[in-house]
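Before any comments, here is the structure.
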Amino acid sequence: MIRTRFAPSPTGFLHIGGARTALFSWAYARRHGGTFILRIEDTDVARSTPEAVQAILDGMDWLGLDYDEGPYYQMQRMDRYKEVIRQMLAAGTAYLCYTSPEELEAMREAQRARNEKPRYDGRWRPSLANEPVKVLPDPPAGILPAVRFRNPADGMVAWNDLVKGRISIANAELDDFVIARGDGTPTYNFCVVVDDWDMKISHVIRGDDHVNNTPRQINIFKALGAPLPHYGHLSMILGDDGQKLSKRHGAVSVMQYEEEGYLPEAVLNYLARLGWSHGDDETFSMEQFCAWFELDHITASAAQFNTEKLNWLNAHYLKQADDARLAEETLRRLARQGVDGRGFTDLPRVMALYKGRVANLNELADAAHAFCIALHPAPELVQLHLTEPVRAALRTLSAKLADVAWEAPALSLAIKETLAGHAMKMPQLAIPLRVVLLGQPQSPAIDAVLEVLGRERVQERIGRLLA
RNA sequence: GACCCUAUCGUCUAGAGGCCUAGGACAAUACCCUUUCACGGUAUGAACCCGGGUUCGAAUCCCGGUGGGGUCGCCA
């Protein structure tokens with residue numbers, strides 16, 4: 001049984017890298033008829049917030065990444081962690097360490113000065129029966145001891161990473177890390193192991209930044225006698241500029257993509273294709289993705305985010321999107337700008353007219369805005385396009401439109417007759433008409449615009465400009 | 001600095017020793033379509049990091065260098 005999990009820490013929004021990790025974990029479970037679990041890693045009380053939890057939930061929800069179990073919260077599993085720590089202390093796979101933070105800092109400082117890898121020197125690590133006897137100092141008063149894991153001193157830790165292949169590291173590189181703080185609260189590397197064990201996680205799919213945690217976690221699994229999950233580490237996503245993404249630089253919430261007018265299916269497709277491939281396939285549904293998804297076609301190196309390709313995918317999905325859905329989305333976006341578009345009942349037809357030519361939902365909303373409410377064209381546009389000959393032609397056209405059948409072919413004919421009568425070419429009238437009707441010189445085919453806008457609005461808008 | 005990972009067009013990638021004169025997509029450029037702007041269509045330019053091996057044969061396997069990334073917390 002395949003069981004995967006997404007385990008974010010609620011210290012900020014769900015960003016694009018986290019979203020891709022979630023997507024791949026989710027897809028792997030879906031691919032194999034397994035279970036996808038959401039677990040909130042909130043043991044850092046100082047930085048975790050309920051708002052961040054909600055932001056993550058919202059992001060997952062918007063993307064449609066549904067989970068079968070959870071969300072579990074680590075803070076609610078304290079008793080379990082403490083129980084395991086007691087067991088480890090009793091078994092001798094963990095021990096109390098009275099080194100103060102100041103001492104640790106001094107230790108690391110000295111090591112760095114010697115160009116060594118900074119790490120705990122094991123001063124409170126008790127000797128084992130088969131080791132030379134070591135006399136520990138008396139526990140100093142007033143210091144609450146942390147609990148450290150007794151990492152094996154020799155040998156190698158190795159695993160076959162599902163995306164990177166075999167990775168091995170010498171135990172000598174690993175120090176005895178803290179699994180419980182002085183106040184008794186457990187730390188990340190420990191909680192993850194207990195959770196992955198208890199939740200029977202079969203495949204841990206997570207970011208590259210956890211590669212160095214994996215050998216430590218494997219050692220805890222072994223100390224606990226627990227079965228090991230499989231591990232797959234996804235490479236990082238770099239920003240558009242090739243720089244690493246961070247809270248300060250380039251990392252944005254997935255919900256910001258929603259705000260910027262991206263369709264979730266476009267973001268999903270883009271993310272799926274960033275670091276994963278299925279031959280030359282570029283556009284595919286999540287159903288197809290889940291049917292195809294395997295870990296063996298994931299790229300092992302970091303990938304640079306490319307907004308232009310995302311834009312292209314968004315335009316692609318916009319063209320295919322259902323008009324009623326787009327109209328609903330447009331209404332919501334207009335409302336955010338304080339515009340009530342509900343008076344314009346033909347919104348789906350506006351969507352049909354524009355969805356093939358815009359890059360995002362906000363542009364669609366901007367287009368719809370001009371249909372719902374008569375916008376005042378910029379004075380320069382009026383001056384440039386509404387010359388006296390044009391005004392005369394518009395008067396003729398307006399008269400013709402009064403009793404023409406309100407369908408594109410008839411409207412087109414009315415325009416062409418007007419053109420003939422005034423010795424004008426199509427653009428000479430169509431462009432000013434666009435300015436008059438929509439406030440800007442570009443639009444879809446003018447007859448289609450007239451048809452969707454409706455007789456009443458067209459006449460009203462022409463009349464107002466001619467007055 | 002140490003350790004771990006990584007390296008194909010500007011970007012995302014295909015590529016599992018001969019199918020490679022290295023394919024696709026985005027972006028770029030040109031042309032076509034056209035009722036404006038887009039959309040769309042067609043075409044063009046554009047890459048195997050470097051050096052050694054292994055092999056009849058290497059983008060592909062091995063080693064080294066270099067570049068990039070990650071980690072080195074009583075953060076997650």
Side-chain angles (χ1 to χ4, degrees), chain A residues 7-11 41-44 46-48 74 97 99-101 104-105 108 111-120 144-148 161 163-165 167-170 172-175 177-189 191-192 207-215 233 235-236 238 240 242 244 270 273-283 296-297 299-313 315 319 354-359 363 412 415-416 419 425-435 440-448:
Chain A
S9 66
T11 55
E41 312 222 317
D42 54 356
T43 51
D44 185 355
R47 293 195 300 157
S48 298
Q74 289 188 321
C97 169
T99 315
S100 69
L104 285 170
E105 193 36 55
R108 281 192 275 264
Q111 287 161 333
R112 268 191 283 264
R114 276 174 276 146
N115 255 343
E116 288 170 18
K117 187 173 185 168
R119 56 205 218 180
Y120 177 65
L144 288 170
V147 180
R148 285 186 185 269
D161 196 89
V163 348
K164 290 174 183 291
I167 298 179
S168 62
I169 184 163
E173 293 293 333
L174 273 21
D175 64 358
F177 58 99
V178 170
I179 60 176
R181 303 176 178 92
D183 65 5
T185 57
T187 62
Y188 169 78
N189 271 310
C191 297
V192 167
D208 214 347
D209 47 338
H210 288 286
V211 168
N212 294 278
N213 291 324
T214 303
H233 291 94
S235 59
M236 304 278 91
L238 272 27
D240 236 332
K244 67 172 264 201
Y270 180 73
R273 200 59 196 67
L274 192 63
W276 174 84
S277 63
H278 184 265
D280 287 339
D281 293 306
E282 294 288 349
T283 59
D296 55 359
H297 277 92
T299 312
S301 55
Q304 191 171 317
F305 194 89
N306 186 223
T307 305
E308 284 176 330
K309 190 158 183 182
L310 206 213
N311 289 342
W312 172 77
L313 273 166
K319 288 184 186 82
Y354 278 87
K355 68 182 180 184
R357 39 192 302 129
V358 296
E363 289 181 10
S412 182
I415 292 171
K416 282 172 180 158
L419 254 24
K425 298 281 188 198
M426 182 60 99
Q428 292 175 289
L429 184 58
I431 294 177
L433 193 49
R434 290 183 168 98
V435 171
Q440 55 165 45
Q442 298 92 30
S443 84
I446 193 67
D447 49 356

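The sequence lines fix the lettering, A, B, ..., with proteins before strands; numbering per chain opens at 1.
Pairing partner, B:rU36: none, since no Watson-Crick or wobble contact has both distances short of 3.5 Å. In this entry B:rA43 has B:rU29 as its Watson-Crick or G-U wobble partner, both defining distances falling under 3.5 Å. Shown here, B:rA59 forms no base pair; nothing in the strands shown gives a Watson-Crick or G-U wobble contact with both key distances under 3.5 Å. B:rA14 is unpaired under the Watson-Crick or G-U wobble criterion, no partner having all donor-acceptor distances under 3.5 Å. With a cut-off of 3.5 Å on both Watson-Crick or G-U wobble distances, the partner of B:rC20 is given as none. Of all nucleotides present, only B:rG1 satisfies the Watson-Crick or G-U wobble test against B:rC72, with each distance under 3.5 Å.
Base engagement by A:Pro444 is indicated by at least one non-hydrogen atom pair under 4.0 Å involving a base atom. The residue A:Lys425 sits apart from the nucleic acid: no heavy atom pair falls under 4.0 Å. Residue A:Asp240 is out of contact with every strand shown, counting any heavy-atom pair closer than 4.0 Å.
Contact annotation: A:His297 reaches the phosphate of B:rG15 (side-chain N/O to OP1 or OP2, under 4.0 Å).
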What string of B, S and - do you get for nucleotides 71-76 of chain B 5' to 3' if you count protein non-hydrogen atoms under 4.0 Å? SBSBBB

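Checking B:rC4, B:rG23, B:rU35 against the side-chain heavy atoms of A:Pro427 singles out B:rU35 as nearest.
The side-chain tip of A:Arg148 does not point at the ring of A:Phe177 from less than 6.0 angstrom away and within 45° of straight on.
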Just the atom pairs and distances: protein N or O near nucleotides 10-12 of chain B's N or O, under 3.5 Å.
residue, atom, partner, partner atom, Å
B:rC12, OP1, A:Gln304, N, 2.9
B:rC12, O2', A:Arg273, O, 3.0
B:rC12, O2, A:Lys309, NZ, 3.4

Using a cutoff of under 3.5 Å, can you pull out all pairs of nitrogen or oxygen atoms linking the protein to nucleotides 59-63 of chain B, with atom names and distances?
none

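A:Ser9 contributes atom OG, which lies 9.0 Å from atom CG of A:Asp42 (distance to the nearest 0.5 angstrom).
Judged purely by distance below 3.5 Å, without hydrogens or angles, the side chains of A:Asp161 and A:His233 pair a donor atom with an acceptor atom.
Among all heavy-atom pairs drawn from A:Met426 and A:Leu419, the shortest one is CA-CD2, 3.6 Å.
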